[in-house]
Amino acid sequence: IACGFNTQNWCDIPPLARSLVEKLACELPLYCLPEVTAAHSRHFMPYIEGKNQKTTLVWDTFANVGDGKLMVHWPCELNCDETGLLAQLSSHLNYLGRSESWVEVELIADSQVDLNNFNSVPHGEGDKRDQKYEQISLMAPIPFDSYRIWQQGKANEAVANLALPPGKKKPAAKLLKDRERALEPYPPDLIACLTKDTSWWKGHGWSQPPGSQRVLYWRPSQPMQVTATRPPRHRELQPLQMMLLALTTPSGNKSSLPSITRTLPQAELIHKAIISRLGNGRRVDCPELTGKDETGQPLRHAHQHAHILPLDLDNDRRIDHILIFASMGQSGQAQRAVSSLRRTWTKGGDGDLQLAMVGKGGPGDLGRLADPFGTFLSRLLAPAKTWVSLTPFVPPRFLKKPGRRNDLADQVRREIASRGLPGATVELLPLSAAHAMGLRGFVCRRRRGNPPPQDMGLALRIQFNEPVRGPISLGYASHFGMGLFTAESR
């Protein structure tokens, strides 16, 4: 449920999710526990005693699973829609239990596993095991029907002395408020219980969350060994061209997102953060993100490495998504660095900005996202002949007079040719045009690297001889969101 709210943009729990949770809650799952090693970290935690600051030694214990896998099996039948939703939620689950417990989750078919290997199962009536097993108490939800019967009984008891007046007589406001207060500790259904936080149920005097029960499980004795485990082995990821990140604020206030005019500096900050995650204090060797080979020299196949493209998908003049595109493909190393990025910042902002992966693949994959995002991305990625400026085009060299080498049309055509695109005609749009008015005020100078020959941004319309697929980004700082084009709407 938490994953649905965080990654699926739920405002309320949809009926399909309710049906899924009802079925899962009615069955106690089986677990296949991997071999783990008991480990811990030690650090000194500061605390204040009177007017003095002291420190205390803290032991933080954890289980190192190495390259093991935890498998969970619910013995229940799901329909196709419920299975699809469970797979979608699983793939977006980033941590399990505590935020430091990072996970990669996928839904697998029953035919791919042997249930006889599941070594942690619920205790049944009369179930006895030898000394190779031990019991452990876990928490699980009460089945929906059982909770409904219990809740109705408790609710009737709570309002027994607060009966409504007979007939059509209107009840007093105080009576209704007292009834509401009496019923508040008993949520109407199990879904409502699962959305209550710890402070709520503790504030109502519960010793454990309402709608929960303690159950006994059998698991292998001495499950944790004090020996070294094998280092984790990353799953090999297939190279892909695009990754789409969502940009939000901790408060959810969209007005705190960076302005679209800060496309260039925001892209530089994102790139710096990704390289920091990628290197982790070591030399970085990832040409698709750095644009350099193992010797530190620029790549010869120009412009095939990563473009960091800030986007405004909801058309409110605020950057809400980041598209990372590399036509040469992004390796598993690059994908893990981007996926692990959780925060960035903006100059003059109220605080950190949060990042989350929302899609990856090729142009056809991202173009199928739900509207209004899908419509915007399809115009950015789908094949078209006519393209207009989405962000200002900054000339990479000094502009000469029309008709001479390095005039505007010549520079644009050379940029197009360097990317292997077909021939085209170039039209300069006047800044008084309705479309070009939105390109004023953009930052056109990089904070790092060489400045542009001329600090100016232009609006263009490019007509190709044949349809080409986007994204198309040309000119100075084109790898950081400048000179980005979108297909012109008819």
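Note that this is a predicted model, so its numbers are computed, not measured.
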Trainee: Salt bridge or not for E49 and K54, using N-O below 4.0 Å?
Mentor: yes

Trainee: Tell me if a side-chain donor or acceptor on S120 pairs with a main-chain N or O of R219 at a distance below 3.5 Å.
Mentor: no

Trainee: For F5, I'd like to know if atom CZ has over 12 heavy atoms of other residues, nucleotides or ligands within 6.0 Å.
Mentor: yes

Trainee: Holding to salt bridge (Lys or Arg N to Asp or Glu O under 4.0 Å), I want the full list of residues that pass it with K254, two or more places apart in sequence or in another chain.
Mentor: D314

Trainee: Please report the interatomic distance CG(D312) to OG1(T391), rounded to the nearest 0.5 Å.
Mentor: 12.0 Å

Trainee: Supply the atom-to-atom distance I191 CD1 to K196 NZ, rounded to the nearest 0.5 angstrom.
Mentor: 12.5 Å

Trainee: Flag yes if more than 12 heavy atoms outside R447 fall under 6.0 Å of its CZ atom; otherwise flag no.
Mentor: no

Trainee: At what distance, to the nearest 0.5 angstrom, does CG of N119 lie from CG of L33?
Mentor: 4.5 Å

Trainee: Got Q241 and Q330 here, is their nearest side-chain heavy-atom distance under 4.5 Å?
Mentor: no

Trainee: Evaluate side-chain contact (heavy atoms from CB on, under 4.5 Å) for I13 paired with T195, printing each intermediate quantity in order.
Mentor: CA-CA 10 Å; I13 300 177; T195 58; 3.9 Å; yes

Trainee: Identify the heavy atoms of G457 and V394 that sit nearest to each other, and give their distance.
Mentor: CA-CG2, 4.5 Å

Trainee: How would you list, by chain and number, every residue that makes a salt bridge (Lys or Arg N to Asp or Glu O under 4.0 Å) with E288, sequence neighbours excluded?
Mentor: none

Trainee: So, the side chain of Q411 versus the backbone of P395: is there a donor-acceptor pair under 3.5 Å, distance only?
Mentor: no

Trainee: Is a side-chain donor or acceptor of S19 paired with a backbone partner of L16 at a separation under 3.5 angstrom?
Mentor: no

Trainee: If the condition is salt bridge (Lys or Arg N to Asp or Glu O under 4.0 Å), which residues does R445 pass it with, not counting sequence neighbours?
Mentor: D455

Trainee: What residues form a side chain to side chain contact (heavy atoms under 4.5 Å, CB included) with M139, not counting sequence neighbours?
Mentor: Q208, P209, S212, R214

Trainee: Considering residues at least two apart in sequence or located in another chain, which fulfil the side-chain hydrogen bond (donor to acceptor under 3.5 Å, both in side chains) criterion with D197?
Mentor: S199

Trainee: With no hydrogens and no angle check, just 3.5 Å: does a side-chain donor-acceptor pair link R419 and S478?
Mentor: yes

Trainee: Can a donor-acceptor pair be found, under 3.5 Å and without considering hydrogens, that links the side chain of E134 to the backbone of S221?
Mentor: no

Trainee: Can you tell me if R318 uses its side chain to pair, donor with acceptor, with the backbone of N315 under 3.5 Å?
Mentor: no

Trainee: Take N94 and E104 through the side-chain contact (heavy atoms from CB on, under 4.5 Å) test and state the conclusion after the steps.
Mentor: CA-CA 7 Å; N94 295 324; E104 293 180 355; over 6 Å; no

Trainee: Do V468 and P422 make a side-chain contact, defined as non-hydrogen atoms from C-beta onward lying under 4.5 Å apart?
Mentor: yes

Trainee: Determine which pairs satisfy ring pair (Phe, Tyr, Trp, His ring centres under 6.0 Å) with at least one residue from residues 314-343, sequence neighbours left out, and list them in order.
Mentor: H307-F325, H321-F373

Trainee: Treating Q266 as the side-chain partner and W345 as the backbone partner, does any N or O pair qualify as donor plus acceptor under 3.5 Å?
Mentor: yes

Trainee: Could you tell me the separation between the CG atom of L380 and the OG1 atom of T375, rounded to the nearest 0.5 Å?
Mentor: 12.5 Å

Trainee: Going by the rule side-chain hydrogen bond (donor to acceptor under 3.5 Å, both in side chains), which residues pair with H43 if we only count those two or more places apart in sequence or in a different chain?
Mentor: none

Trainee: Mark yes when over 12 heavy atoms from residues, nucleotides or ligands other than D114 sit less than 6.0 Å from its CG; otherwise mark no.
Mentor: yes

Trainee: Any luck finding a side-chain donor-acceptor pair between E106 and S91 under 3.5 Å?
Mentor: no

Trainee: Please find out if less than 6.0 Å separates the ring center of F480 from that of H271.
Mentor: yes

Trainee: Can any side-chain N or O of Y476 pair as donor or acceptor with the backbone N or O of R446 at less than 3.5 Å?
Mentor: yes

Trainee: Going by heavy atoms in the side chains, are L85 and D81 under 4.5 Å from each other?
Mentor: no

Trainee: Do L355 and R342 have side chains that get closer than 4.5 Å, going by heavy atoms?
Mentor: no

Trainee: List the residues meeting side-chain hydrogen bond (donor to acceptor under 3.5 Å, both in side chains) with K292, not counting sequence neighbours, and say none if there are none.
Mentor: none

Trainee: Can you find a heavy atom in the side chain of L323 that is under 4.5 Å from one in the side chain of M242?
Mentor: yes

Trainee: Could you check if a side-chain atom of I108 sits within less than 4.5 angstrom of a side-chain atom of V113, using non-hydrogen atoms only?
Mentor: yes

Trainee: Starting at CD1 of I462, measure out to CZ of F464 and round the result to the nearest 0.5 Å.
Mentor: 5.0 Å

Trainee: Step by step, would you call V358 with L245 a side-chain contact (heavy atoms from CB on, under 4.5 Å)?
Mentor: CA-CA 6 Å; V358 295; L245 303 175; over 6 Å; no

Trainee: Check whether S276 reaches the backbone of K272 with its side chain - one donor and one acceptor, N or O, closer than 3.5 Å.
Mentor: no

Trainee: After noting the C-alpha distance and the side-chain angles of M482 and S473, does the key distance pass the side-chain contact (heavy atoms from CB on, under 4.5 Å) rule?
Mentor: CA-CA 7 Å; M482 302 306 290; S473 185; over 6 Å; no

Trainee: Restricting to pairs with a member in residues 72-93, which pass ring pair (Phe, Tyr, Trp, His ring centres under 6.0 Å), not counting sequence neighbours?
Mentor: none

Trainee: Could you verify whether a donor N or O on one side chain and an acceptor N or O on the other, from Q354 and T249, lie under 3.5 Å apart?
Mentor: no

Trainee: Quick check on R343: does its CZ atom have over 12 non-hydrogen neighbours (other residues, nucleotides or ligands) under 6.0 Å away?
Mentor: no

Trainee: Measuring from N117:CG to L30:CG, what's the distance to the nearest 0.5 Å?
Mentor: 12.0 Å

Trainee: Mind checking whether S389 and F485 have side chains closer than 4.5 Å, heavy atoms only?
Mentor: yes

Trainee: How would you list all residue pairs meeting ring pair (Phe, Tyr, Trp, His ring centres under 6.0 Å) that involve residues 13-32, not counting sequence neighbours?
Mentor: Y31-Y217

Trainee: Please enumerate all residues that pass salt bridge (Lys or Arg N to Asp or Glu O under 4.0 Å) together with D60, with sequence neighbours excluded.
Mentor: R98

Trainee: Taking the side chain from Q335 and the backbone from Q238, do they hold a donor-acceptor pair closer than 3.5 Å?
Mentor: yes

Trainee: Could I get the full list of side-chain hydrogen bond (donor to acceptor under 3.5 Å, both in side chains) partners for T56, not counting sequence neighbours?
Mentor: none

Trainee: Does the plane of the ring in W218 sit parallel, tilted or perpendicular to the ring in Y133? Use 30° and 60° as the thresholds.
Mentor: perpendicular

Trainee: Examine H303 together with H479 and report whether their ring centres are nearer than 6.0 Å.
Mentor: yes

Trainee: Does the N64 side chain pair with the main chain of T37, one donor and one acceptor, at a distance under 3.5 Å?
Mentor: no

Trainee: Less than 3.5 Å apart, any donor N or O on the side chain of Q88 or Q8 sitting next to an acceptor on the other?
Mentor: yes

Trainee: Is any side-chain heavy atom of L311 closer than 4.5 Å to a side-chain heavy atom of L484?
Mentor: yes

